[in-house]
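Read through the structure below, which is laid out as structure tokens, and then see the notes.
Computation of the quantities below employed the complete heavy-atom set of this structure, encompassing side-chain atoms and omitting hydrogens, waters and symmetry-equivalent molecules. Per chain, numbering begins at 1; letters A, B, ... match sequence-line order.
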Amino acid sequence: MPELPEVETIRRDLAKFVLHERILSVQVRDKRILKGLKPGILIGKEIVEVQRRGKAVIFCLKPNGYWVVQPKMTGQLIYGQDNEKSKLTFRLSNGAHLNYNDQRLFGKLTFVRELNEMDFLRTLGPEPLAEEFTGEWLAGRMKKRTTSIKAFLLNQNFVAGIGNIYASEILFRSGIKPQKQAGSLKMREIQTLHQQTIEVLAEAIKLRGTSMNTYLDASGQKGGFMKRIKVYGREHEPCPICQTPITRILQNGRSSFFCKRCQR
DNA sequence: CGGGGCTCCTGTGCGC
DNA sequence: TGCGCACAGGAGCCCC
């Protein structure tokens with residue numbers, strides 16, 4: 001479900017609620033949710049920081065370790081009362097509860113001593129809102145790649161946190177069609193793409209993310225970026241710039257939305 | 001190695 | 001109403 005802006009919204013909200021709370025107990029209502037995590041290892045630990053890398057929430061624990069949550073498509077972390085419909089619930093030292101739900105069971109929960117134990121984090125590309133994410137860096141990674149620019153943006157090793165919605169929105173705002181080979185972009189296009197990536201993600205964070213379907217923030221509320229979505233999920237609707245009907249195509253098994261007139 | 005297809009799983013909405 | 005199919009904010013694995 002969530003991409004970088006949604007995960008960042010969850011992270012910020014949770015940080016307000018759970019910082020310096022201890023995990024007192026855990027209730028597992030559906031073992032399939034665990035994916036190998038032994039939840040008992042979290043009991044008694046204090047949450048000293050809530051971080052994010054890409055689409056992963058990272059709870060930094062005292063005296064040691066990290067609890068890493070990758071919600072993938074439909075995972076939800078919701079803070080509040082004990083929810084009996086939730087598949088996993090933690091009771092915290094402030095008396096509140098942290099519920100984890102995941103309709104499709106793709107989400108991954110991991111406990112590690114060190115973050116670099118996780119392949120996903122070790123190989124993850126730079127944060128798009130951090131300084132190390134530059135046009136030059138993008139250009140270096142795109143060089144000679146024959147894959148589509150859409151697939152390139154979804155590859156977490158190149159840029160951390162972009163998913164299917166924001167990939168379409170970033171490419172629309174950049175005027176680049178999703179089928180274009182990554183390696184064929186001119187420096188000028190790369191600079192535009194770089195700038196639009198930052199703008200779209202920053203604006204989406206400001207508006208607390210996008211709620212297409214199942215995404216809810218840590219309080220169970222929907223995101224506000226929906227009204228800024230120009231192409232994603234809008235097949236046949238008029239392009240907001242030129243009125244040409246929006247096109248949907250499949251790339252690597254996933255939908256891409258674009259304007260065939262505005263994006264070249 | 002890069003690129004693309006398939007897979008994990010449940011739920012919903014659509015056309016017939 | 002019921003059925004079957006397409007599709008859903010991800011990412012790992014496998015094969016060419």
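The side-chain contact (heavy atoms from CB on, under 4.5 Å) check on A:Asp119 picks up A:Arg122, with sequence neighbours excluded. A search for side-chain contact (heavy atoms from CB on, under 4.5 Å) contacts involving A:Asn94 returns A:Glu21, A:Tyr79, A:Leu92, A:Ala96, not counting sequence neighbours. Taking A:Arg52 as the reference, A:Glu8, A:Glu127 meet the salt bridge (Lys or Arg N to Asp or Glu O under 4.0 Å) condition, with sequence neighbours excluded. In terms of the side-chain contact (heavy atoms from CB on, under 4.5 Å) criterion, residue partners of A:Lys260 (sequence neighbours excluded) are, by chain and number, A:Thr244, A:Thr247, A:Phe258. For A:Phe106, there are no ring-ring contact (aromatic ring centres under 6.0 Å, His included) partners two or more places apart in sequence or in a different chain. With sequence neighbours left out, A:Phe257 forms a ring-ring contact (aromatic ring centres under 6.0 Å, His included) with A:Tyr232.
Taking atom CD on A:Gln76 and atom P on C:dA8, their separation rounds to 18 Å, with Å as the unit. Spacing between atom CG of A:Asn157 and atom P of C:dG10 amounts to 15 Å, rounded to whole angstrom units. Between the CD1 atom of A:Ile249 and the P atom of B:dG4 there is a distance of 12 Å, rounded to whole Å. Atom CD of A:Gln251 and atom C1' of B:dC6 are 17 Å apart (whole Å). The distance between atom CZ of A:Arg248 and atom C1' of C:dA8, rounded to the nearest whole Å, is 11 Å.
Comparing the same atom, P, in C:dA11 and in B:dG11 gives a spacing of 22 Å after rounding to whole Å. Spacing between B:dT7 and C:dC5 at atom P, rounded to whole Å, works out to 16 Å. With P as the reference atom, C:dA6 and B:dC6 are 13 Å apart, rounded to whole Å.
Stacking of the aromatic ring of A:Phe106 onto the base of B:dC9 is not found under the criterion of centres within 5.5 Å and planes under 30°.
Relative ring orientation between A:Phe225 and A:Tyr166 is described as tilted, the plane-to-plane angle lying within the 30° to 60° band.
Salt bridge annotation for A:Lys180-A:Glu189: present, with a cationic side-chain nitrogen under 4.0 angstrom from a carboxylate oxygen.
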Pick out the pairs of N or O atoms, protein on one side and nucleotides 1-3 of chain B on the other, that lie under 3.5 Å.
from  : atom 1 : to       : atom 2 : distance (Å)
B:dG3 : OP1    : A:Thr146 : N      : 2.6
B:dG3 : OP1    : A:Thr146 : OG1    : 3.2
B:dG3 : OP1    : A:Thr147 : N      : 3.2
B:dG3 : OP2    : A:Arg145 : NH1    : 3.3

Just the atom pairs and distances: protein N or O near nucleotides 10-13 of chain B's N or O, under 3.5 Å.
from   : atom 1 : to       : atom 2 : distance (Å)
B:dT10 : OP1    : A:Arg32  : NH1    : 2.4
B:dT10 : O4'    : A:Gln103 : O      : 3.3

Between protein and nucleotides 11-16 of chain C, what N or O pairs are separated by less than 3.5 Å?
from   : atom 1 : to      : atom 2 : distance (Å)
C:dA11 : OP2    : A:Lys55 : NZ     : 2.9

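In this structure, A:Asn164 contributes its side chain and A:Ser255 its backbone to a donor-acceptor pair below 3.5 Å. Not one N or O on the side chain of A:Ser168 forms a donor-acceptor pair closer than 3.5 Å with the backbone of A:Ile165.
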Q. In dot-bracket form, how is DNA chain B paired, counting a Watson-Crick or G-U wobble pair only if both its distances are under 3.5 Å and using | for bases paired to another strand?
A. .|||||||.|||||||
Distance-only donor-acceptor pairs under 3.5 Å for side chains of residues 60-69 of chain A, two or more places apart:
from    : atom 1 : to      : atom 2 : distance (Å)
A:Asn64 : OD1    : A:Lys45 : NZ     : 2.8

All N/O donor-acceptor pairs, side-chain side in residues 30-43 of chain A, below 3.5 Å, sequence neighbours left out:
from    : atom 1 : to       : atom 2 : distance (Å)
A:Asp30 : OD1    : A:Arg32  : N      : 3.0
A:Asp30 : OD1    : A:Arg32  : NE     : 3.2
A:Asp30 : OD2    : A:Arg32  : NE     : 3.4
A:Asp30 : OD2    : A:Arg32  : NH2    : 3.0
A:Lys35 : NZ     : A:Leu105 : O      : 2.3
A:Lys35 : NZ     : A:Gly107 : O      : 3.0

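The shortest distance between side-chain heavy atoms of A:Ile176 and A:Ile149 falls below 4.5 Å.
Screening A:Thr123, A:Val112, A:Leu124 for a side chain to side chain contact (heavy atoms under 4.5 Å, CB included) involving A:Met118 leaves a single residue, A:Val112.
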